[in-house]
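See structure below.
Heavy-atom basis, side chains included; hydrogens, waters and symmetry copies ignored. Start at 1 and go down the list; that is how both ligands and their atoms are numbered. Each residue takes its place number in the sequence, starting with 1.
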Amino acid sequence: MIPAAPVITVDGPSGAGKGTVSRLLAEALDWRFLDSGALYRLVALAARKRALAMDDEAGVIEIAGNLDVRFETVPGVETVRVWLGDEEVSHAIRTESCADDASRIAAIAGVRRRLLARQRAFRGPPGLVADGRDMGTVVFPDAAIKFFLTATPKERAQRRYKQLKEKGIDVNLRNLLEEIARRDQRDQAREVAPLRPAEDALVVDTTGQPVAAVLQCVVETIRVRGLWVG
Ligand code: C5P
């Protein structure tokens, strides 16, 4: 039997730096990349477009099972480009309201079940870097290395603020801090696949650390574990 391609998982709450670090890591390794949060955001956006309420479980589950999406990773660009049907929604899925909707529909067990096979399909040679909340606990429990990135809520809010401003999205820092706290609470308290480190995850506190330092720490760990091929 051909062994399954290796997976490195990078989980953690929003603003912990996992999006940037996992994207750069995938690029450095020349591995595939899964931004699982984008899938939840896409389901939420598709539900909005159909004027569904986020608690319309049957409707949202149906959308999750029939998502017509396409991802494209662009070298040197931090976030992936995303299409829903024929429409590019790379920016539309990055708003805070879409993130809030995403964290609501992410608590629906049927939605998570429908997205499971789609996420696992990203796995392939030479390997996959998977970014999310439950990559190490549920989607790829057999991952070769599992990271769980954290940072204080204040720092995470400041990072999100900067990222959103750079994308031209208007936000207020205090509101952002409240929204992040609300989303953390929802993600950690949900019954299915709550946000938590896998038992065998390496927890990395990124507070006060520039991206380059976090990336270096992650790369060193991968080297020590013998997975670095470069
Ligand atoms: O990572 P991102 O901010 O794009 O995720 C948006 C929301 O999607 C999260 O707040 C979380 O509720 C949900 N999510 C999840 N499981 C994942 C990735 C994201 O529940 N693996």
What about the rings of Phe122 and Phe71, do their centers lie closer together than 6.0 Å? yes
Does any donor atom in the side chain of Ser103 or Arg186 lie under 3.5 Å from an acceptor atom in the other side chain? yes
Going by the rule side chain to side chain donor-acceptor pair (under 3.5 Å), which residues pair with Asp68 if we only count those two or more places apart in sequence or in a different chain? none
Strictly by salt bridge (charged side-chain N to carboxylate O under 4.0 Å, His left out), give each pair with a member in residues 109-120 just once, sequence neighbours left out. Arg112-Asp134
Among side-chain atoms of Glu62 and Asn66, is any donor-acceptor pair under 3.5 angstrom? yes
Please output the side-chain donor-acceptor pairs of residues 144-153 that fall under 3.5 Å, not counting sequence neighbours, one pair per line with the distance.
{"from": "Lys146", "atom 1": "NZ", "to": "Gly136", "atom 2": "O", "distance (Å)": "3.0"}
{"from": "Lys146", "atom 1": "NZ", "to": "Pro141", "atom 2": "O", "distance (Å)": "2.7"}
{"from": "Lys146", "atom 1": "NZ", "to": "Asp200", "atom 2": "OD1", "distance (Å)": "3.1"}
{"from": "Lys146", "atom 1": "NZ", "to": "Asp200", "atom 2": "OD2", "distance (Å)": "3.4"}
{"from": "Thr152", "atom 1": "OG1", "to": "Glu155", "atom 2": "N", "distance (Å)": "3.3"}

Strictly under 4.0 angstrom, heavy-atom based: which residues surround ligand 1? Lys18, Ser36, Gly37, Tyr40, Arg41, Ala102, Ser103, Ala106, Arg112, Gly132, Arg133, Asp134, Met135, Arg183, Asp187, Arg190
